[in-house]
Amino acid sequence: MQNKLVLYNSLSKQKELFKALHPPMAGMYVCGPTVYSDAHLGHARPAITFDLLCRYLTHLGYKVRYVRNITDVGHLENDADEGEDKIAKKARLEDLEPMEVVQKYMNTFHRNMDQLNTLKPSIEPRATGHIIEQQEFIKEILKNGYAYEVNGSVYFDVVKYSKSYQYGKLSGRVLDELQTSTRSLEGQDEKRSPYDFALWKKASPGHLMKWPSPWSTGFPGWHLECSTMSTKYLGEEFDIHGGGMDLLFPHHECEIAQSAAAMGKESVKYWIHNNMITINGQKMARSLGNFITLDQLFSGDHPMLDQPYSPMTIRFFILQAHYRSSMDFSNDALKASEKGLQKLMNAITLTDKLKASPESTIDVNSLRGKCYDAMNDDLNTPGLLSCLFEGVRYINSVNDGTETVSAEGLEILKSIFRTFVYDILGLKDETETKEDDGLKEKLMKIIIGLRQEARDNKDFKTSDKIRDELKKAGITLKDRKDGVDWEIE
RNA sequence: GGUCGGUUUGCCGAGCGGUUAGGCACUGGUCUGCAAAACCAGGUACAGCGGUUCGAAUCCGCUACCGACCUCCA
């Protein structure tokens, strides 16, 4: 399969032409959330970034298997592989079963993802559903000699691994340097090296989520689930692994090590990482407590928010920056996105009303080419939007009569917007209603007719009253040379 | 302290060796009874200092500031 899609691979630290291992199939694994509290703005970034990638690959003709996990066990409060499980802690605080916590926040996450118009993953595996597979994975690593058991817990032997493989190749870390920057070693007595990480942890008495295993009644380490589940659903080698940049080390580095230790080869061909969303210049994170949840953004219910922002405004905001750039939250930026999105959507609505001419004064084919060029260049959505706004100007100019477009050109123009805005960027018109537009059209025609009569009679008091009252009702009139357009907010 | 990345016009944000990015805001104009929308025009920015080059926001060096990772984090 031929394509010109170039993606930045975190592993090689350069842009590479995307070549699927088994075209037309494309396999993509993305690290999903740990479901112990509401999803925030930061979670929207990878969700939208990899939704975009999935949509674009699909558009290019790939049959994409998109796997995104739900972490529902094994994620400890503070690593060093000590501390309380995040979900168990929440369960204790809210007096719920751990699985109730998981269900509650998973439901919210799914609802938010639907609101953001992200496509559902092909498979959404959960760590607790793959305890057996994780144990089998550990057995392989043990068999190959890259792990050891101590007191019922199993740890990955980073030092031994690094003799045969390069631990740190993804994150650019060197083991020697890691060792000189040693932190507190408290509670790490069981590990041979502080860089070893848990594959299986023996549960302490009273621990809520635990399963029997050959080593102890316990639970799997966090890094293990992704290696296990990606292998199970995408195979020992697959195309793309995505996630936030903050997961690059240690999480993804450990995944590479686990897979290599178990299977003798690296699993992932392209590592893709999205950058962070900051707030007041600092990363938005649950652990920092500086987050705004998606529900708060949608409702405006947060001290830092001037107003509510719709899901599509959030989506547009995120797409206006390149996925590898960090972006800072601000009301001004969000408001600008809201306006820009509206301008884009208004133009798309207009395309249905445009009249074709014998000749085109605009070059729609060139525009389409530029749209593809932008997407092929490592998903350059700001560049794509820039092209689309050029198209917006075309549409408005044709509507104003200062440019013309042929029937064929008009069809191409419509298809460009349908393809790139709806199918690939995943934006949708939020003003769209399922009501019968026919009735609304008829009513509006009558009202506009009455206003026109008043205007013809120079009765501007009446005509303005009609316009103002409509405005109050959320309907904006736009007088044109050749008639009146209207728009519902 | 180590590793990596960033600093672009009022704001957001592309570009990464030579050509108008784009959006928002602002100013002027066209249109309009007025308004809104739309269109046209306007601002010539790239942290600082050096260097390479015919030519640098774009490459190299230094300095300053900011951030991410090195604990869990999307």
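Because only heavy atoms are used, hydrogens play no part in the values below, and waters and symmetry mates are left out as well, while side chains stay in. Within every chain, numbering begins at 1; the chains are lettered A, B, ... in the order of the sequence lines, protein sequences first and strands thereafter.
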Report task. Between A:Lys283 and A:Lys339, just flag the one whose closest nucleotide in RNA chain B comes earlier from the 5' side. Result ->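 Between the two, 5'-proximity favours A:Lys339.
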Query raised in the report: Taking for each residue the nucleotide of RNA chain B with the nearest heavy atom, is it A:Arg451 or A:Asn274 whose nucleotide lies nearer the 5' end?
Result: A:Arg451
Looking only at atom [atom1], what distance separates [N] and [M], rounded to whole Å?
| N | M | atom1 | answer |
| --- | --- | --- | --- |
| B:G1 | B:C46 | C1' | 32 Å |
| B:C26 | B:U63 | P | 43 Å |
| B:A57 | B:A21 | P | 13 Å |
| B:G48 | B:C66 | C1' | 15 Å |
| B:A64 | B:C49 | P | 15 Å |
| B:A25 | B:C11 | P | 15 Å |

Query raised in the report: Atom CD1 of A:Ile395 and atom P of B:A37: how far apart are they, to the nearest Å?
Result: 18 Å
Pick base, sugar-phosphate or nothing for [X], based on heavy-atom distances below 4.0 Å to the nucleic acid.
| X | result |
| --- | --- |
| A:Gly42 | base |
| A:Glu338 | nothing |
| A:Leu288 | nothing |
| A:His251 | nothing |
| A:Met284 | base |
| A:Ser397 | sugar-phosphate |
| A:Leu247 | sugar-phosphate |
| A:Ser463 | base |
| A:Phe460 | base |
| A:Asn275 | base |
| A:Arg467 | base |
| A:Met245 | nothing |
| A:Lys343 | sugar-phosphate |
| A:Arg286 | sugar-phosphate |

[N]: pairing nucleotide in any strand, Watson-Crick or G-U under 3.5 angstrom:
| N | answer |
| --- | --- |
| B:C69 | B:G2 |
| B:U44 | none |
| B:G22 | B:C12 |
| B:A35 | none |
| B:U7 | B:A64 |

Query raised in the report: When the aromatic ring centroids of A:Phe109 and A:His43 are compared, is their separation below 6.0 Å?
Result: no
Requested in this report: May I ask you to check whether A:Phe156 and A:Tyr161 place their ring centers less than 6.0 Å from one another?
Outcome: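 Between A:Phe156 and A:Tyr161, the centre distance is under 6.0 Å.
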From [options], nucleotide with atom closest to [X] side chain:
| X | options | answer |
| --- | --- | --- |
| A:Ala336 | B:C24, B:G33, B:A14 | B:C24 |
| A:Asp464 | B:C39, B:G33, B:G23 | B:G33 |
| A:Ala321 | B:A14, B:A74, B:A37 | B:A14 |
| A:Asp479 | B:C70, B:C39, B:A35 | B:A35 |
| A:Asn396 | B:A38, B:C34, B:A74 | B:A38 |

So, [X] versus [Y]: side-chain donor-acceptor pair below 3.5 Å or not?
| X | Y | value |
| --- | --- | --- |
| A:Gln342 | A:Asn346 | no |
| A:Tyr36 | A:Lys86 | yes |
| A:Asn280 | A:Asn290 | no |
| A:His223 | A:His252 | no |

**Report entry** NZ/A:Lys202: more than 12 non-hydrogen atoms of other groups inside 6.0 Å
**Finding:** no
